[in-house]
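Data block below; observations after.
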Amino acid sequence: MARLVPLRACYSIAEAVCLRSMLAAYGVWTSADTIWHAQIDWYALVALHGIDLHVLPDDEETARALLVPVEDYIDDLETEPEALFRPPSLNLFLAIAVFYFFDLIPFWVRRRYFKSEEAT
C-alpha cells in the first residue's frame with residue numbers, strides 16, 4: 001500500500017472541496033481525512049490544524065505544479081471593484097422620501113416620552 005504525501009492544509013471547507021475538485025479534474029487522486037471533523041466542528045478548524053490534503057507519491061509533482069501561488073499574478077487582478085464606490089442612486093433618495101412623506105417612521109423614533117413628562 002502506498003503512503004500518502006501531505007500536500008496542503010486548507011482552513012475552510014470550501015477551499016478544500018474546490019482544491020480536491022480541481023485536482024480530480026486533472027486526474028490527481030486526493031484524500032482529505034479531516035474534512036468530516038471540519039464539517040461537524042467547523043469552528044474548531046484552526047485547532048485541528050486545518051484540513052490536510054494528501055496525494056499519492058506519484059502525483060505529488062503534478063499536484064504541486066497545479067497549485068500555483070497567487071502572489072505571482074496578483075497584480076493582474078482587479079484591485080478595487082468600482083461598484084462599491086459608486087454614488088447613491090436616485091432610487092435610494094426616492095425610497096427615503098417616500099418613507100418620510102408617508103410617515104412610516106415608528107412612533108418610538110419620532111417622539112420619546114419619558115416618565116417625567118407623563119406626570120405633568
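Not measured: the values here are computed from a predicted model. The first residue of the sequence shown is numbered 1, and numbering continues consecutively from there. Reckoned from all heavy atoms, side chains included, excluding hydrogens, waters and symmetry mates.
Looking at Arg8 and Glu15, a side-chain N of the basic residue comes within less than 4.0 Å of a carboxylate O on the acidic one, giving a salt bridge.
Residues Tyr26 and Thr62 form no side-chain contact, since every pair of their non-hydrogen atoms from C-beta on lies 4.5 Å or further apart.
Nearest heavy atom pair, residue Ala16 against residue Ile51, reads CB-CD1, 3.9 Å.
Placement of Ile13 and Leu48 in two distinct hydrophobic clusters is found when ILVMFWY residues are connected by side-chain heavy-atom separations under 4.5 Å, directly or transitively. Using a 4.5 Å cut-off between side-chain heavy atoms of Ile, Leu, Val, Met, Phe, Trp and Tyr, with links allowed through other members, Val17 and Leu45 fall into the same hydrophobic cluster. Both Val28 and Leu7 belong to a common hydrophobic cluster when Ile, Leu, Val, Met, Phe, Trp and Tyr are linked at side-chain heavy-atom distances under 4.5 angstrom. Under the 4.5 Å side-chain heavy-atom criterion for grouping Ile, Leu, Val, Met, Phe, Trp and Tyr, Leu19 is not connected to Trp29 through any hydrophobic cluster.
Side-chain atoms of Thr34 come within 3.5 Å of backbone N or O of Asp52 as a donor-acceptor pair. The main-chain N or O of Thr30 is found under 3.5 Å from a side-chain atom of Arg20 such that the two form a donor-acceptor pair.
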inquiry  = For a side-chain contact (heavy atoms from CB on, under 4.5 Å) check, start with the C-alpha distance between Ser31 and Leu53, then their side-chain angles and the critical distance, and finish with the verdict.
reply    = CA-CA 6 Å; Ser31 171; Leu53 288 181; over 6 Å; no

